[in-house]
Amino acid sequence: MHLLIPAAGMGRRMGSDRNKLLLLVRSQPIISWTLKAAEAASLISWIGIIAQPTDWQDLQTIIQKQKLTKPVELIEGGSTRQESVYNGLLALPSAAEQVLIHDGARCLATPDLFDACALSIRHHSGLIAAIPVKDTIKVVDENGIIQSTPDRRRLYAAQTPQGFDVKLLKQCHAEGVRQGWEVTDDAALFEKCGYSVAIVQGEETNLKVTTPQDLAIAEFILTERE
């Protein structure tokens, strides 16, 4: 299974002026923990990291320290996550039929989750890891007035990995470029093109490290796993 890791973002919400994935959690860069899980996942065979060339030297150093046994390729990122993923899809080996896409900032995903998604994508053209929403969600208007309360039983919080048929996802990204669509994840593109996306049970601890508070939580979770 081929894995793409978007890693081209800056850490502005983290209060950082550099790629947040190079910030340290338990004395190791955030991206290192993501790579550890991908390396330990038995069904992942190839890893592509999508990042800006200014970070490539740092990433090469991290990859060498990790002593990864799986091939890792650095791919130039775009100006948006959507553009970066499209670049990654175009850089996949020609033999790639399915792909998993996992945000580098979700450094707490386990090898078991990668493998569960890799197994499931054999039976679906698109899927996402997701967990049921625990809170009651309110839909509000532009004035902050509640308009509706969706049934919580039908609400899921999207995570990554997300998995797709490579040919179909490439078509969806090309259509997104033509139509000028701007989406926050690849599943949304897939849905816009009329394809179905299945749910794989995610992990409560699979949070996206975005703020300094998230860093502290990630430190705690990783310490607890030892």
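Model, not experiment: these values are computed from the prediction.
A donor-acceptor pair is defined here as one N or O able to donate and one able to accept, closer than 3.5 Å; such a pair exists between the side chain of Thr34 and the backbone of Gly104. Of the possible donor and acceptor atoms, one in the side chain of Thr160 sits under 3.5 Å from a partner among the backbone N and O of Asp103. Using modelled atom types, no side-chain atom of Glu203 and backbone atom of Ala109 make a donor-acceptor pair closer than 3.5 Å. Checking side-chain atoms of Lys70 against main-chain N and O of Ala38 turns up a donor-acceptor pair under 3.5 Å. In this structure, Gln147 contributes its side chain and Ile145 its backbone to a donor-acceptor pair below 3.5 Å. Checking side-chain atoms of Trp56 against main-chain N and O of Ala51 turns up a donor-acceptor pair under 3.5 Å. With hydrogens and angles ignored, the 3.5 Å screen pairs no side-chain donor or acceptor of Gln162 with any backbone N or O of Asp185. With hydrogens and angles disregarded, a donor-acceptor distance shorter than 3.5 Å links the side chain of Arg152 to the backbone of Lys134.
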Check the pair Trp46, Leu4 against side-chain contact (heavy atoms from CB on, under 4.5 Å), reporting the backbone distance first and the verdict last.
-> CA-CA 9 Å; Trp46 180 96; Leu4 289 175; 4.0 Å; yes

Verify side-chain contact (heavy atoms from CB on, under 4.5 Å) between Ile101 and Leu169, making sure each step is shown before the conclusion.
-> CA-CA 11 Å; Ile101 301 168; Leu169 188 59; 3.6 Å; yes

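Between Gln171 and Asp165, every side-chain heavy-atom pair lies at or beyond the 4.5 Å cut-off. Ile121 is listed as a side-chain neighbour of Met1, based on a closest heavy-atom distance under 4.5 Å. Here the side chains of Gln66 and Gln28 are in contact, with some heavy-atom distance below 4.5 Å. For the pair Lys192/Cys172, no side-chain contact is recorded, criterion being any heavy-atom separation below 4.5 Å from C-beta on. For the pair Leu108/Arg225, a side-chain contact is recorded, criterion being any heavy-atom separation below 4.5 Å from C-beta on. Looking at Trp181 and Cys193, their side chains come closer than 4.5 Å, going by heavy atoms from C-beta outward. With a 4.5 Å cut-off on side-chain heavy atoms, Leu59 and Leu22 count as touching. Ile128 is listed as a side-chain neighbour of Ile199, based on a closest heavy-atom distance under 4.5 Å.
For the 3.5 Å distance criterion, the side chains of Thr61 and Asp58 fail to qualify, holding no donor opposite an acceptor. Looking only at atom types and distance, the side chain of Thr80 has no donor-acceptor partner in the side chain of Gln82 under 3.5 Å away.
Using a 4.5 Å cut-off between side-chain heavy atoms of Ile, Leu, Val, Met, Phe, Trp and Tyr, with links allowed through other members, Val85 and Val99 fall into the same hydrophobic cluster. In the hydrophobic clustering of this structure, Leu168 groups with Val197; members are Ile, Leu, Val, Met, Phe, Trp, Tyr whose side-chain heavy atoms approach within less than 4.5 Å, directly or through other members. Hydrophobic clustering keeps Val72 apart from Leu43 (ILVMFWY residues linked when any side-chain heavy atoms are closer than 4.5 Å, directly or through intermediates). Hydrophobic cluster membership is shared by Phe164 and Ile50, with clusters built from Ile, Leu, Val, Met, Phe, Trp and Tyr side chains linked at under 4.5 angstrom. Residue Tyr156 is not grouped with residue Ile131 when hydrophobic side chains (ILVMFWY) are merged at heavy-atom distances under 4.5 angstrom, including chains of intermediate members.
Taken to the nearest 0.5 Å, the NZ atom of Lys20 stands 10.0 Å off from the SG atom of Cys107. Once rounded to the nearest 0.5 Å, the distance linking CG of Leu92 with CD of Glu73 reads 8.5 Å. Atom NE2 in His2 sits 10.0 Å away from atom CD in Gln98 (nearest 0.5 Å). Between the OG atom in Ser79 and the CG atom in Asn87 there is a gap of 9.0 Å [rounded to 0.5 Å]. In this structure, CD on Glu204 lies 7.5 Å from CD on Gln159, to the nearest 0.5 angstrom. Atoms OG and CD1, from Ser148 and Ile137 in turn, are 11.0 Å apart once rounded to the nearest 0.5 Å.
Within a 6.0 Å radius of NZ in Lys65, other residues, nucleotides and ligands contribute 12 heavy atoms or fewer.
Closest approach of Ser196 to Ser125, counting heavy atoms only: O-OG, 4.0 Å. Nearest heavy-atom pair across Gly176 and Leu189 is CA-CD2, 4.1 Å. For Tyr86 against Ala174, the heavy-atom pair with the smallest separation is OH-CB, 3.5 Å. The two residues Ala218 and Val209 make their nearest non-hydrogen contact at CB-CG2, 4.1 Å. Scanning both residues, Glu83 and Gly78, for their nearest heavy atoms gives OE2-CA, 3.4 Å. Across Val133 and Ala157, no two heavy atoms sit closer than the pair CG2-N, 3.8 Å.
Taking a cutoff of 4.0 Å between a charged side-chain nitrogen and a carboxylate oxygen, Lys36 and Glu39 do not qualify as a salt bridge. Using a cut-off of 4.0 Å between Lys/Arg side-chain N and Asp/Glu carboxylate O, Arg81 and Asp186 are scored as salt-bridged.
In summary, of the residues considered (Gln201, Arg153, Arg154), a side-chain contact (heavy atoms from CB on, under 4.5 Å) with Pro132 occurs for Gln201 alone. If you run side-chain contact (heavy atoms from CB on, under 4.5 Å) between Ile49 and each of Ile62, Ile75, Asp55, Leu35, only Leu35 comes through. Thr205 pairs in a side-chain contact (heavy atoms from CB on, under 4.5 Å) with only one of the listed residues (Leu113, Leu222, Ile221, Ile217), which is Ile221. Checking each of Leu207, Ile30, Val25 against Asp214 for a side-chain contact (heavy atoms from CB on, under 4.5 Å) leaves exactly one that passes, namely Leu207.
Taking the six-membered ring where tryptophan is involved, the planes of His102 and Phe114 are perpendicular, since the angle between them exceeds 60° and thus also 30°.
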